[in-house]
Amino acid sequence: VQLVESGGGLVQAGGSLRLSCAASISSFSANAMAWYRQAPGKQRELVAAITGGAGSTYYADSVKGRFAISRDNAKKTMYLQMNSLKPEDTGVYYCNAGGVFYRGYLATGNWGQGTQVTVSS
């Protein structure tokens, strides 16, 4: 399994970014996936998750109404549209594949290398 994140960058508060996670994984559409983030000095936290068929999604309370997770199974790519960004959204964003989607998401060991998102005030 190979996961490659992209789309991070530096943005001012209130701005938007779109992250992508390209996956090299068999049966991509059968796998739930998720975005996590890790701020300096803090634990990695779940941001959003999506089922294989994209029928269900989950969002952390801190991003509800601002972020949108989606996927294109034909392209084997997952996305995270981030709007109304805040400085507290700063961190390294990672994608995870193949976890359990249930009342959130339980991650597997399949992680990408991460992409840095920095939101300035």
From [X] [atom1] over to [Y] [atom2], what is the distance, rounded to the nearest 0.5 angstrom?
X      : Y      : atom1 : atom2 : value
Tyr36  : Tyr94  : OH    : OH    : 13.0 Å
Arg71  : Ile69  : CZ    : CD1   : 8.5 Å
Phe101 : Thr51  : CZ    : OG1   : 6.0 Å
Asn83  : Leu17  : CG    : CG    : 9.5 Å
Lys42  : Glu88  : NZ    : CD    : 8.5 Å
Asn96  : Thr108 : CG    : OG1   : 4.0 Å

Minimum side-chain heavy-atom gap [X]-[Y] below 4.5 Å:
X      : Y      : value
Glu45  : Gln38  : no
Gln12  : Val119 : no
Asn110 : Leu3   : yes
Thr118 : Val11  : no
Met82  : Tyr93  : yes

For Tyr79, does the six-membered ring have the charged nitrogen or CZ of Arg18 within the cation-pi criterion, i.e. under 6.0 angstrom from the centroid and within 45° of the normal? yes

Could you check, using the six-membered ring where one of them is a Trp, whether Phe67 and Trp35 have ring centers closer than 6.0 angstrom? no

Looking only at heavy atoms, which two atoms of [X] and [Y] are closest? And how far apart?
X      : Y     : result
Met78  : Cys95 : CE-CB, 3.5 Å
Tyr59  : Ala48 : CD2-CB, 3.7 Å
Tyr105 : Leu46 : N-CD2, 3.7 Å
Val63  : Arg37 : CG1-NH1, 4.0 Å
Ser120 : Leu10 : CB-CD1, 4.4 Å
Gly112 : Glu5  : CA-OE2, 3.2 Å

Less than 3.5 Å apart, which donor and acceptor atoms pair up between the side chains of residues 19-34 and the rest of the protein, not counting sequence neighbours?
| residue | atom | partner | partner atom | Å |
| --- | --- | --- | --- | --- |
| Asn31 | ND2 | Ser27 | O | 2.8 |

Please determine whether side-chain contact (heavy atoms from CB on, under 4.5 Å) holds for the pair Arg44 and Trp111, giving the CA-CA distance in whole Å, both sets of side-chain angles, and the decisive distance to 0.1 Å. CA-CA 12 Å; Arg44 194 171 296 189; Trp111 297 98; 3.3 Å; yes

Sub-3.5 Å donor-acceptor pair from the side chain of Thr115 to the main-chain atoms of Gly8, do we have one? yes

Under a 3.5 Å distance rule, please check whether Asp72 uses its side chain to pair with a backbone N or O of Lys75 as donor and acceptor. yes

Does the distance from a Lys or Arg side-chain N to an Asp or Glu carboxylate O, for Lys86 and Asp89, drop under 4.0 Å? no

